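Worth saying up front: this structure is predicted, and the values here are computed from it rather than measured.
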Amino acid sequence: MHKKYLKTFLVTGIFLVSATSLHAQINVDQLRNEIEQKGSQIQELENEIREFQVELDKTTVEAQTLQKTISNLETTTKKISTDINVTKTKIDTTNLTLEELGIEINEHERLVIQNKKALAQAIRDINERENESLIEVMLRTENMSDAWSEVENLVSFQKSLQDGTENLLENIEILADKQGATETQKQRLERLERELKGQKQSVETTKQEKDSILKETKNKEAEYQRLIAIKQEQKKQFEQALFEYESQLKEVIDRTKLPTQSPGTLVWPVENVRITQLFGKTVDSERLYTSGTHNGVDFGVPSGTAVK
């Protein structure tokens, strides 16, 4: 009876030990599987973060370029507005010049009409003097000398009026030429003003389009920043979970299966060594990792390379 119980006890003990070992092995395999999954998830997140960061950088550059373009368009609009104001001032000045020329022409035309009337009257007076008989001249004047002087004065006055009228007509022609040239200049300025207004409208339309694109770009930039923040937070959670799984693995792993410690020199795990990222604070670690440091050394090798 005693032997039977002892045998049962031994069998049960062996079963319990085997079950415990099997349970420990299952836990180790599960933990290793979880660790591998978390590592893969972290790697995927890091890749996504890199991709989002590249897009964010491109979007930021695009936004800066758009902002610079908009600033240039604003400067162009201000310049065109100044040109329009200058052109308007020139048009106003030209209108005043035309008004002045019109007044001068009207005044010259009035003097021409006045001179023509005076000239006609002088001609009539001369004709009357020429048609007078000697007796009529003697009765009207004290002597012949006065009569001849009167006629000479009328002829001189006629000549003066005729010369003055010719000068006035020449001046009217000159003023008319100036008026025509000034009118042409006004038309050219008005055409320039219309062109400048068209340019201003085109620039303002372009600026509105760029403003709209910049707004969309800013929204895209903010979206990439939000996605990166979400991925960083997910990565942080996965890293924390990975740390917990690794801690649990250290507790349940069978340390008798670990290689025995022995002095020696560590060697590279691959034949052709190409380090893609060193340990600690690297160029990319502050951007890619929440901790700001890289807890390992990365090697770049083709898929399928044997690891020692």
Side-chain angles (χ1 to χ4, degrees), residues 33-84 195-246 270 272-305 307:
N33 185 47
E34 291 291 342
I35 289 171
E36 184 177 351
Q37 288 182 1
K38 294 302 177 187
S40 298
Q41 290 171 333
I42 289 172
Q43 185 63 45
E44 289 177 4
L45 286 170
E46 288 177 349
N47 292 336
E48 290 180 7
I49 289 171
R50 287 193 195 95
E51 292 174 0
F52 284 139
Q53 187 64 48
V54 169
E55 293 299 324
L56 176 60
D57 293 341
K58 287 167 57 179
T59 306
T60 302
V61 171
E62 183 180 353
Q64 291 173 348
T65 302
L66 283 169
Q67 189 63 61
K68 185 176 180 181
T69 302
I70 290 171
S71 298
N72 291 337
L73 288 171
E74 289 175 348
T75 303
T76 302
T77 302
K78 291 178 181 178
K79 181 182 180 302
I80 293 176
S81 297
T82 303
D83 291 340
I84 290 174
E195 291 175 357
L196 288 172
K197 287 181 178 179
Q199 291 176 11
K200 182 181 178 183
Q201 181 63 41
S202 177
V203 171
E204 288 176 347
T205 301
T206 303
K207 180 181 176 297
Q208 290 175 357
E209 293 173 354
K210 296 297 182 183
D211 282 333
S212 178
I213 296 173
L214 178 61
K215 185 177 179 180
E216 294 177 2
T217 304
K218 289 289 186 182
N219 291 337
K220 190 188 298 183
E221 187 177 12
E223 179 63 14
Y224 281 131
Q225 290 174 341
R226 186 184 70 83
L227 290 173
I228 288 175
I230 291 174
K231 297 300 179 181
Q232 290 282 15
E233 181 60 29
Q234 291 176 351
K235 178 172 171 285
K236 182 179 179 181
Q237 293 174 1
F238 283 136
E239 286 176 342
Q240 180 62 34
L242 179 61
F243 175 78
E244 292 174 358
Y245 284 133
E246 288 176 341
V270 292
N272 297 317
V273 178
R274 184 172 67 87
I275 299 176
T276 57
Q277 188 172 190
L278 293 170
F279 176 86
K281 289 188 176 182
T282 64
V283 176
D284 297 321
S285 62
E286 293 185 2
R287 179 172 58 85
L288 295 176
Y289 306 107
T290 304
S291 62
T293 60
H294 183 224
N295 299 326
V297 178
D298 291 346
F299 299 90
V301 293
S303 179
T305 299
V307 178

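- Every residue meeting the side chain to side chain donor-acceptor pair (under 3.5 Å) condition with Q53, not counting sequence neighbours, appears here in chain and number order: D57.
- Qualifying ring-ring contact (aromatic ring centres under 6.0 Å, His included) partners for F299, counting only residues two or more places apart in sequence or in other chains: W268.
- Applying the side-chain contact (heavy atoms from CB on, under 4.5 Å) criterion to E55, with sequence neighbours excluded, gives K58, Y224.
- Applying the salt bridge (charged side-chain N to carboxylate O under 4.0 Å, His left out) rule to D298 yields no partners; only residues at least two apart in sequence or on another chain are considered.
- Every residue two or more places apart in sequence or in another chain was checked for a salt bridge (charged side-chain N to carboxylate O under 4.0 Å, His left out) with K220, and none qualifies.
- For K218, the salt bridge (charged side-chain N to carboxylate O under 4.0 Å, His left out) criterion is met by no residue, not counting sequence neighbours.
- Taking E221 as the reference, nothing meets the salt bridge (charged side-chain N to carboxylate O under 4.0 Å, His left out) condition, with sequence neighbours excluded.
- Annotation: salt bridge (Lys or Arg N to Asp or Glu O under 4.0 Å) contacts involving residues 60-75, sequence neighbours excluded, comprise E74-K207.
- Residues satisfying the side-chain contact (heavy atoms from CB on, under 4.5 Å) test with Q199, not counting sequence neighbours, are I80, L196.
- For T205, the side-chain contact (heavy atoms from CB on, under 4.5 Å) criterion is met by Q201, E209, not counting sequence neighbours.
- Under the side-chain contact (heavy atoms from CB on, under 4.5 Å) criterion, K236 pairs with E233, T290, not counting sequence neighbours.
- Not a single side chain to side chain donor-acceptor pair (under 3.5 Å) links Q67 to another residue, sequence neighbours left out.
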